[in-house]
Amino acid sequence: MAAGITSLTLTEVAARIRTREVSATEVLDAVLARAKEVQPKLNCILRIDEALARAAAQLADADLARGHLRGPLHGVPLAHKDMYYRAGVPSSCGSRVKGKVPEKATATALKRLDAAGAIQFGVLHMAEFAYGPTGHNYHDGHCRNPWNTAHVTGGSSSGSGSSVAARAGFAALGSDTGGSVRLPAAICGITGLKVTYGRVSRAGAMPLSHSMDTVGPLARSAQDCALLLGVLAGADPADPTAATEPVPDYLARLALPAKGMRVGIPMSYFTDDMDPSVGAALTESLKALESLGCEIVPVTLPAEMAAIDVAGTHIIAAEAAAYHGNWLRTRPQDYSPQVRARLERGLALPATRYIDALRLRGHALAEFSKAVFAKVDVLHAPCIPIPTPTIVETDVGGSPNMDRTLALMTKFMRPFNYLGLPSLALPCGFLASGLPVGMQLVGRPFDEGTILRLGHAFQQATDWHEREPKV
Amino acid sequence: MTVKVGEAYVTEVLAIQGVAVAPETPKAIAAALATQLAAVAPAYAALPFEAEPGTYLAALAKEQP
């Protein structure tokens, strides 16, 4: 049993702990062993809190023996991107700036996972201050893709993507401001959910751009993401931007059929720069959706898509520069040159252009919804249009095309942060190189239930999400 | 209207904010911003006078299923 534990999904392992088929301590032993095995190759973990986790697992087992089930994640060990604060513990945020000052309060997302019975066993690698799309980190070393360690993991939730794909964790929190959940999910061959803006509280999570930041899970399946979202979502007095919309039963909605759903395919923007091998995998995914009874509907997107991407870039740049302004003045040497350069750009953006980027947002969402969601239930889109680049290709001086490659990695991501829409990234094929290809299913605001339902149906009909990298 | 952001402006605005940068940085920032601001100028110009940032949250709520 122990050898197979780490291959279980979150849903499966939670059920087996609950029924006492396996103990929380046995599960933790298996996860820690796997984490220690892959860490030298992947550099996906920043810290393991073994003693604390062991004590918590023993307590969870004792509780269960007395008949006390804390919640749907009782005894499940998880580690998260190192930007979710826990009172009394420092969070590096992938930086040298944050130092070793203990945080004052625990993030609401962690509190909700704790209340559901989860056990945190460590913190995961991330791009410095979550401001990078590849998984490079010049302070902690670069995170490695478990499918091929020469390639990037995607970022900024690099450790979340790499560790969950490598079976060194069942799921992990990431954050998505411009693709940081979806990129590592797609590139590492797992499933990641970027939620509607405001769906999950951001209290106690490191801010990058308060108008764009979202908290979301990376896991092995849409079902696992549904389980986690049910725990995480909902209003929070500690975060006034956390929406008060009701939280539906996401797991119950998975049982609804996909038959009859209208799935849109974009006729522009998301077709740009498409590599044929990536395009072929996406085409196959549409055939699978058709076989489930979905109707595939071409949709014409608003002409403003390129402007939407730039406006999103400017909001992130201006807000991130504001957060970091004091440190940029007093401790510039503590940033990597790459992240410092990104932050400095935001300092030069005229205030009127930042306000215009915010003013365009409501109009752009209305236009996008009219063009897309008046016709379809879900939009199908690529994650990145090119095969996953290598770490060297996306490093400074590594390639004359570096800037263009980085732009292509985020081009299909950021528009949905700007629009605030939920998007599920999931694997839909593999290239001849053995690297995964991901697709996005994008839904209406607060309609995570529909994209999770369609993603789950797709994963019931395909096995891309079950493939394990050999690390 | 496209807002023109040149090297001199970037140099000055970074200095005003007390951030010391490498000598080549203002030129690179100005070039990137010039391209980006030109790309968004038509969309911003088409916005109605009354559009303000708060309309986004209203749109988000309105577009729910």
Side-chain angles (χ1 to χ4, degrees), chain A residues 196-198 211 241 243 245 302-304 306-311 313-314 317 321 325-326 328-330 332 337 340-341 343-350 352-370 373 377 403 418-421 443-447 449-450, chain B:
Chain A
T196 307
Y197 179 78
S211 297
T241 67
E245 311 305 325
E304 299 165 327
I308 284 172
D309 186 39
V310 174
T313 306
H314 285 173
N326 195 37
L328 286 172
R329 278 185 287 278
T330 58
R340 185 177 154 192
L343 289 167
E344 286 168 349
R345 280 180 215 162
L347 295 170
L349 186 74
T352 50
R353 299 300 92 163
Y354 168 67
I355 298 295
D356 275 341
L358 293 172
R359 292 173 72 222
L360 178 65
R361 213 174 174 199
H363 167 78
L365 175 59
E367 290 298 306
F368 188 89
S369 294
K370 192 164 69 181
F373 295 122
D377 304 299
D403 285 342
Y418 184 75
L419 296 169
L421 299 172
R444 296 183 178 94
F446 299 102
D447 198 14
T450 295
Chain B
M1 183 193 79
T2 301
V3 174
K4 295 195 169 49
V5 175
E7 186 177 348
Y9 167 84
V10 174
T11 302
E12 191 68 19
V13 85
L14 291 175
I16 287 168
Q17 293 177 79
V19 174
V21 296
E24 65 277 14
T25 297
K27 187 176 181 181
I29 291 176
L33 278 179
T35 305
Q36 292 171 347
L37 290 173
V40 289
Y44 293 164
L47 279 172
F49 174 74
E50 294 82 4
E52 49 90 16
T55 58
Y56 168 68
L57 292 174
L60 196 65
K62 183 184 160 199
E63 300 298 339
Q64 287 182 63

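Lettering of chains follows the sequences in order, A, B, ..., and the numbering in each one begins at 1.
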With a 4.5 angstrom heavy-atom cut-off, which part of [X] approaches chain A: side chain, backbone, both or neither?
X      : answer
Q36(B) : both
L33(B) : side chain
V19(B) : both
A20(B) : backbone
L57(B) : side chain
P48(B) : backbone

Does any backbone or side-chain atom of [X] lie under 4.5 Å from a heavy atom of chain B? Answer side chain, backbone, both or neither.
X       : answer
T330(A) : neither
A357(A) : both
A311(A) : both
L349(A) : both
Y354(A) : neither
P350(A) : both

Which one of [options] has the most heavy-atom pairs closer than 4.5 Å to chain B?
options                            : result
L365(A), D356(A), D309(A)          : D356(A)
L419(A), I308(A), I355(A), D403(A) : L419(A)
D377(A), L328(A), L347(A)          : L347(A)

Looking at [options], which one has more heavy-atom pairs under 4.5 Å with chain A than the rest?
options                        : value
P53(B), P42(B), A61(B)         : P53(B)
T55(B), L14(B), L47(B)         : L47(B)
Q64(B), K62(B), E52(B), E12(B) : Q64(B)
A59(B), P65(B), A58(B)         : P65(B)

For the backbone of [Y] and the side chain of [X], can you confirm whether one donor and one acceptor N or O come within less than 3.5 Å of each other?
X       : Y      : result
R329(A) : Q17(B) : yes
R345(A) : A28(B) : no
R359(A) : A51(B) : yes

| Going from OH on Y56(B) to CG on L358(A), what distance comes out if it is rounded to the nearest 0.5 angstrom? | 10.5 Å

| Side-chain touch H314(A)/L37(B), heavy atoms, less than 4.5 angstrom | yes

| request: Step by step, work out the side chain to side chain contact (heavy atoms under 4.5 Å, CB included) result for R353(A) and Y44(B). | output: CA-CA 9 Å; R353(A) 299 300 92 163; Y44(B) 293 164; 4.2 Å; yes

| request: Name all residues meeting the side-chain hydrogen bond (donor to acceptor under 3.5 Å, both in side chains) criterion together with Y197(A); count only those two or more places apart in sequence or in a different chain, and write none if there are none. | output: R202(A)

| task | Search all heavy atoms of A348(A) against all heavy atoms of I29(B) and return the closest pair with its distance. | result | CB-CG2, 3.8 Å

| field | Residue pair A39(B) / A307(A): nearest heavy atoms and the distance that separates them | value | O-CB, 4.3 Å

